[in-house]
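The structure appears below as structure tokens.
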Amino acid sequence: MSSASAANIQIQLPDGTLAEHPADTTAMDVALGISEGLARSVIAADVSGLVVDADRPLGELAEGSDPLSLRLLTSRDEAALDVLRHSAAHVMARAVMRLYEGVSLAFGPTTEGGFYYDFDLSEKISEEDFSKIEAEMKRIIKEKEPFERFVLERDEARKLCDDLDQDLKVEHIDTGLSDQSTVSFYRQGEFVDLCRGPHIPNAGKIKAIKMMSIAGSHWKGDTSGRQLQRLYGTAFFDKKELKAYLGQIEEAKRRDHRVLGKQHGLFTISPDVGQGLCLWLPKGARVRVALEDFLRRELLSRGYDPVYSPHIGRVEMYETSGHFPYYRDSQFAPLYGSEVGGMLDAWSERLNEGTLDSDGEDKLMAAAKVFGAELPDYKPSASAEAKRKVLHDWQVNHERYLLKPMNCPHHCQIFKAQPRSYRQLPLRLFEFGTVYRHEQTGELNGMLRVRGLTQDDAHIFCTAQQVEEEFRATIELTKFVLQSVGLDDYRVQLSLRDPSSDKYVGSEENWDQAESALRGVLQGSGLEFNEEPGEAAFYGPKADFMVRDCIGRSWQLGTVQLDYNLPERFKLEYNGSDNAAHRPVMIHRAPFGSLERFTGMLIEHFAGAFPLWLSPEQVRVLPLSDKSLDYAVQVAKELEAAGLKVTIDNSGGKVQAKIRNAQLDLVNYMAVIGPKEAEAGQVALRDRIDGDLGSMPTAEAIARLQQEIATRQVRQVVKGDFSAAAVDSDAVGNEY
RNA sequence: GCUGCUGUAGCUCAGUGGUAGAGCACUUCCUUGGUAAGGAAGAGGUCAUGGGUUCAAGUCCCAUCAGCAGCUCCA
């Protein structure tokens, strides 16, 4: 870094021109050399892939004698927006420090939609304070003061932060930055902050800011650590962009599946049933049935075998699978065949911790007796380990069940139910399997994060040689499913193991084989995909479909996961052509993920207006008056007989009001009928999207709708132009 | 689970310690119509639950439950 010598440096611009400059030349200097207008609009610079300040001497970045490739970033570049927002975070921090006493700064990074800064201060900031903070920020911006970078040795940096009473920054220098010999700071007026940068040339570049929200957070994400106040804001180069962004947030709110689900009677969650337990109302259930029927037919035609399994299973099975007690915190407590079961578990836990004294032990033994558990082999003098074994043996003989947290162990048992030959493989078992997980209360979110969910689950048992082909077929299936519901913007995330970690089960060889098979298939599939080392499940690599909805939010939906672990644990075997026992490979896959999450996502994607094939109310018959009611009933029967989901509006109002209500209820088609239609055996069809289609014979209307259903047309997705300001919805894993 | 905010009619929400409100939806009656709101009347609330303060609590305090936002988590 400090090698910036008097020697000149070579700078190459995107158009290929190569020029020699003094080592202390900045990107701003280069811009000035081209035109003053360009210099005015320069925000930062991209130097060989690294975004830096426009006034950073470029010689500092030179390595050897290679020319530096320089790209000037203006407000048109996406990277520039990030620089702007981070600078806005500094401005916000500066404003907060002016307005409040004893502010300790934590971190202030950018997010997809803006930025935040975490503060430690005793006074509570509330949304009512936003206007005064914003006003202060605007004052700072108006000053157009520059952001000045300077670099200090660690010791000096530590001292500076200490002098500034920034204890969190001191701690960060001591811990997070312990491997850095020098660190950089940025000064803007009286405000100095430890910061990697880069920043905009001066605060005047910020043309639009808004404080968004306030929330609690924790120092370095540690929930047991210090509680901080996180202020969220956003900033843009242009007031129009800010307005568009706020519009998108409104749009997302308007599409909220919890709001639409209530409004259109799709689903509800009742506190009387329990948190995170979704009740599918008739209309929501119709959407689900359409999805299930569609997928079931597809799977049957693609060589899957349907199976069913119960909602509970013995704890021992999950001990074998390894899920219990590893994931115990996120499971519902076991169901005990005996009332003493829970007590024995707590007892065993205390023995394990060594927190049980002899008095407590006597009481527990007496209590166990009351509950009818005789423990003749339990010797108080024995080792804790021996005593726990006695308790465990009793449990094993007195069944304990788990609400099933996943379907795989059950399907493994189905595989095991008969001797298997290689001729039967691949064996593809599918089930809409309902599972229960005790998610933390704070994580629950409508249909998107629930405690009881139904996976469109299947497990493919195959030979190692078949993995590649099965994985390919699964990828094809998932593509087909997404296309059928009109989702065409997605990519695949391939999660691989972290080679330096030892948390993974299964041999190195298996992993290598699996990972290269998956990579090969994805390369051949033409799908856009990225690899994420370290993101794999402990039992195998996986591929997740990341889907972007029509307002630019990204969702994690379908998943395909390889598993070399469960077949091992359950000792699954098939007889090979060599008449010897072999271990199958298992593939978990779920194109929807869960019906709950998928439906919730679709509600938001379509803003509640489902395409005809998924719609819970496809046609509403609107009689002009009571006089046409008989004919309305007759038409409804004909439509129903043709397999359409149809209702009649027999309310007393005028047809205009009935149309309005049907439009607001997002009914796909309206069949308006009056004396004329009754006479001619026709219906006047009205399309939710295109309006009045005129009168036609009922049979013609039916054929038209059936055609639209059969081809699963997605005729309208209300798209907004929000690509510039994409917001990520919470990306949630759906592993097994 | 943690921090903060919220909980009033089926829905959306007013209501700053003194007799519980509006719009929409609903019911009944009138109206019987031709592609986005016809009219009138009526019914509907133990103000989330449980405690407390007060002459008096929807309103103030505490706890519990539930929801929302963020954090943390997500086999």
Side-chain angles (χ1 to χ4, degrees), chain A residues 111 116 118 124-127 212-232 253 256 258-259 262-265 268-276 318 321-324 326-331 405-406 408-409 435 437-446 448-451 453 505 536-540 542 556 559 561 563 565-566 588 597 622-629 651-665 670-677 684-688 690-695 730-736:
Chain A
T111 62
Y116 66 80
D118 283 348
K124 272 216 172 83
I125 298 177
S126 79
E127 300 210 359
M212 300 299 289
S213 60
I214 180 147
S217 67
H218 295 92
W219 173 238
K220 298 200 170 176
D222 176 5
T223 45
S224 61
R226 206 155 7 149
Q227 181 84 33
L228 307 170
Q229 299 191 60
R230 175 170 298 178
L231 282 179
Y232 283 88
K253 249 187 227 161
D256 189 318
R258 293 165 298 189
V259 175
K262 185 181 262 185
Q263 200 177 326
H264 295 294
T268 190
I269 292 172
S270 156
D272 291 339
V273 176
Q275 282 183 300
Y318 297 101
S321 74
H323 293 107
F324 184 90
Y326 191 67
Y327 292 107
R328 192 154 185 187
D329 286 347
S330 48
Q331 290 163 4
M406 73 287 303
C408 358
V435 299
R437 294 174 186 184
H438 195 265
E439 304 286 1
Q440 295 185 73
T441 53
E443 312 312 330
L444 301 173
N445 176 345
L448 299 180
R449 194 79 183 272
V450 289
R451 284 182 167 172
L453 55 133
V505 300
F538 74 90
Y539 49 73
K542 58 175 183 164
Q556 183 177 326
T559 183
Q561 304 179 12
D563 189 343
N565 177 46
L566 283 185
H588 312 254
R597 189 171 155 73
L622 311 182
L624 215 52
S625 76
D626 292 353
K627 291 174 188 160
S628 305
L629 204 50
S651 66
K654 295 210 292 189
V655 74
Q656 285 90 334
K658 294 181 185 183
I659 286 169
R660 179 168 194 269
N661 288 333
Q663 289 281 153
L664 292 175
D665 290 346
M670 287 144 264
V672 178
I673 53 139
K676 276 189 279 180
E677 284 74 21
L685 204 58
R686 180 188 161 96
D687 178 16
R688 180 181 73 202
D690 294 336
D692 192 2
L693 301 175
S695 287
D730 60 338
V732 176
N734 44 3
E735 301 176 21
Y736 293 80

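In the text below, chain A, chain B and the rest are named by the order of the sequence lines, each starting its count at 1. As a basis for the values below, the full set of heavy atoms in this structure was taken, side chains included, without hydrogen atoms, waters or symmetry mates.
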**Nearest-angstrom distance, P atom, B/A9 to B/G23** = 16 Å
**Item:** Base B/U3 to side chain A/Gln229, donor-acceptor N/O within 3.5 Å cut-off
**Value:** no
**Prompt:** In whole angstroms, how far is the C1' atom of B/C68 from the CD atom of A/Gln440?
**Reply:** 17 Å
**Item:** Nucleotide paired to B/U32 in any strand shown, Watson-Crick or G-U, under 3.5 Å
**Value:** none
**Prompt:** Out of B/C73, B/U35, B/U32, which has the shortest distance to the side chain of A/Ile659?
**Reply:** B/U35
**Fill in**
Out of B/G67, B/A37, B/U32, minimum distance to the side chain of A/Arg660 belongs to B/A37
**Fill in**
When rounded to whole Å, the CG to P distance for the pair A/Leu448 and B/C68 reads 11 Å
**Request:** State the pairing partner of B/G67; accept Watson-Crick or G-U wobble contacts with both distances under 3.5 Å, and report none otherwise.
**Result:** B/C5
**Asked** Partner of B/U27 by Watson-Crick or G-U wobble geometry, both contacts under 3.5 Å, or none?
**Response** B/A41
**Between A/Thr441 and A/Gln275, a side-chain donor and acceptor under 3.5 Å** = no
**Message:** Has A/Asp563 got a side-chain atom pairing as donor or acceptor with A/Leu566's backbone, closer than 3.5 angstrom?
**Reply:** yes
**Message:** Any N or O donor-acceptor pair under 3.5 Å from the base of B/G1 to the side chain of A/Glu439?
**Reply:** no
**Fill in**
Answer for the Watson-Crick or wobble partner of B/U16, both distances under 3.5 Å, is none
**Distance-only donor-acceptor test, A/Arg449 side-chain atoms vs B/C73 base atoms, 3.5 Å** = yes
**Nearest-neighbour nucleotide for the A/Lys262 side chain, B/G34, B/U32, B/U12 considered** = B/U12
**Message:** Checking contacts here: which listed nucleotide (B/U35, B/G67, B/C74) is nearest the side-chain heavy atoms of A/Ala684?
**Reply:** B/U35
**Item:** Residue A/Glu443, side-chain heavy atoms: nucleotide from B/G33, B/C73, B/A37 that is nearest
**Value:** B/C73
**Asked** Ignoring hydrogens and angles, are the base of B/C68 and the side chain of A/Arg258 linked by a donor-acceptor pair under 3.5 Å?
**Response** no
**Message:** Strictly by Watson-Crick or wobble contacts shorter than 3.5 Å, is anything paired with B/U59, and which nucleotide is it?
**Reply:** none
**Prompt:** How are the rings of A/Tyr318 and A/His323 set relative to one another: parallel (under 30°), tilted (30 to 60°) or perpendicular (over 60°)?
**Reply:** perpendicular
